[in-house]
Amino acid sequence: MTEQISDQISAFIDDELSDEESAFLLRRFERDTDARSRAARYTMIGAALRDELVGSDPEILRRRIAAALTGTAPAAQQRSTPRVQWRYLRPAFGVGIAATVAVAAIVGLRAVNFARVGVPGAATATAPLQARTSDPAPSYVVPRDVSDAPVVIAPAVRLTNYVMHHSEYASRLSRLPVHSNVVGAGELLPPAETVPAKRETTGE
Amino acid sequence: MGSTEKHLTEPVARQPAGSGASDLALIKRVQQGDKSAFDLLVIKYQHKILKLIMRYVRDSSEAMDVAQEAFLKAYRAAPSFRGDSAFYTWLYRIAINTAKNHLVAASRRPAHYNLDTQDPEQAEVLTDLRDLDTPEGLAQSEEIREAVNRAIRELPEELRTAILLREIEGMSYEEIAQTMECPVGTVRSRIFRAREAIDREIAPLL
């Protein structure tokens, strides 16, 4: 900002500017926020000298009036807006943490399960897979030669273990569909008189 | 309300020196719907109006509300301003009436404090409590005041005299020129240079 403009601002706030200069300066004020700030500081100097400064922020009244005229929230309310948003964000943040923990737990448990069960052929399967990374990109037109591809039997082992464990501890009824239990319960359960006989055969 | 009555001696509107041409130009723009022109009027008179209202309403936050209401009333009433009096005189009347209305409304509301205002000692405490602002705010205002006074003391004699005659005595440039026996242009230049020197001191505080 030039010294001439500052000089005009000084005369303007004293109401000592000519009409021509006033018109020029008013046009400048429309687009020049620095000029406005300077005018505000110049008036503040006079207020300080006359002991007219009131309140914490000398410019707060001006901001409140401007906000009321433009229909926007004043500064004090704008500061509280992020607090309100944080209030609503907090549950979402909690849900996010819970989801992250759940995903970490699932991934961790999967890793533990794999380590405990073991994956036969996994050691041999990794080497060819790494070697195959240098192969050209797979084509959707020419069928791939899968004769040398490793046979990963991990799912079969897992399935077998699952069936074994399940059949060992699960009751007989729970392994059948509900409607089978209702309709064919009489056929599946052994006759009452055969049970003691069976016990006898087992030597109990 | 007895304790506040002593503050209700009617202040006299002291029209700031000057031709009023700036204010008239601004109010014409406001009448045409220019809100930024009204912002300049607020810049010019916010401290005066706030100080005026503080003579009626001692609590600074309440005074801030009343001052805001007064300015908004002035903005809404701007189309009816005919320029029969100076803008500041007109704004001053609005501010006084708004403050008085506020006091009447406040007297109808039940008191929301437990201190016994009939007891002179407690009434004094109450007044002091209402005068309190936040410590940070008071510190900032005090810091600005000190910076301004320090800068004033360091000014050359002719600059200090010019700005004090303007800001404290409220003289026009013409009157200052007669007092200091120099051209009006010199007065204008001295006041500007004084403000620039003070502004350099307070700008970092804002």
Side-chain angles (χ1 to χ4, degrees), chain A residues 3-33 35-71 74 76, chain B residues 16-23 25-26 29 34-40 42-51 54 60-61 63-64 67-68 71-72 75 133-134 136-138 140-141 144-145 147-149 152 163-164 166-168 172-173 184 188-189 191-192 195-196 198-199 202-203 206:
Chain A
E3 194 170 283
Q4 186 192 1
I5 300 294
S6 298
D7 172 61
Q8 287 179 347
I9 292 170
S10 173
F12 175 81
I13 63 163
D14 288 337
D15 221 353
E16 297 275 2
L17 210 56
S18 67
D19 289 348
E20 297 77 31
E21 283 178 310
S22 286
F24 168 79
L25 195 61
L26 286 177
R27 281 197 297 275
R28 186 174 188 95
F29 274 134
E30 282 176 7
R31 63 179 192 282
D32 192 344
T33 51
R36 279 174 184 275
S37 300
R38 187 169 290 267
R41 290 201 304 275
Y42 283 176
T43 55
M44 194 188 300
I45 289 168
L49 284 171
R50 291 185 299 272
D51 201 20
E52 286 177 354
L53 283 184
V54 175
S56 55
D57 184 354
E59 281 292 286
I60 194 166
L61 178 60
R62 181 190 161 208
R63 283 201 296 272
R64 283 174 58 169
I65 292 167
L69 288 180
T70 55
Chain B
S19 65
S22 304
D23 288 357
L26 285 171
R29 282 174 170 255
D34 185 352
K35 286 176 184 168
S36 66
F38 191 74
D39 180 48
L40 286 165
V42 174
I43 286 174
K44 280 184 79 172
Y45 296 117
Q46 58 177 341
H47 302 294
K48 280 183 191 300
I49 293 297
L50 198 50
K51 191 71 178 178
M54 285 288 282
S60 61
S61 63
M64 196 75 77
Q68 179 179 345
F71 272 109
L72 292 177
Y75 179 77
D133 204 331
T134 60
E136 300 84 9
L138 288 175
Q140 194 193 6
S141 292
I144 292 169
R145 241 190 308 271
V148 169
N149 288 326
I152 282 278
I163 193 152
L164 289 179
R166 168 64 213 163
E167 297 288 13
I168 305 294
S172 67
Y173 285 6
V184 171
R188 174 171 157 168
S189 170
I191 290 174
F192 160 63
R195 282 187 174 134
E196 274 293 281
I198 301 167
D199 185 48
I202 65 165
L206 301 173

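Of the inter-residue distances, the one linking B:Ile202 atom CD1 with A:Met44 atom CE reads 5.5 Å to the nearest 0.5 angstrom. Between the CD atom in B:Glu167 and the CD1 atom in A:Ile13 there is a gap of 6.5 Å [rounded to 0.5 Å]. In this structure, A:Glu16 CD and B:Arg188 CZ are separated by 9.0 Å, a value rounded to the nearest 0.5 Å. To the nearest 0.5 Å, atom CZ of residue B:Arg145 and atom CG of residue A:Leu53 are 5.5 Å apart. For the atom pair CG of A:Asp14 and CZ of B:Phe192, the computed distance is 12.5 Å after rounding to the nearest 0.5 Å. Between the CD1 atom of B:Ile144 and the CZ atom of A:Arg41 there is a distance of 11.5 Å, given to the nearest 0.5 Å.
Of the listed residues A:Ser37, A:Ala39, A:Ser6, the one with more heavy-atom pairs under 4.5 angstrom with chain B than any other is A:Ser6.
Remark: the backbone N or O of A:Asp51 is paired with a side-chain donor or acceptor of B:Lys51 at under 3.5 angstrom.
Pairing each heavy atom of A:Arg36 with each of B:Ile43, the nearest pair is O-CD1, 3.8 Å.
For A:Asp7, the parts sitting under 4.5 Å from any heavy atom of chain B are the backbone and the side chain alike. Using a 4.5 Å cut-off between heavy atoms, A:Tyr42 contacts chain B through both its backbone and its side chain. Interface residue A:Glu21: only side-chain heavy atoms are found under 4.5 Å from chain B.
In the model, A:Arg62 has no side-chain atom that pairs as donor or acceptor with a side-chain atom of B:Gln46 under 3.5 Å.
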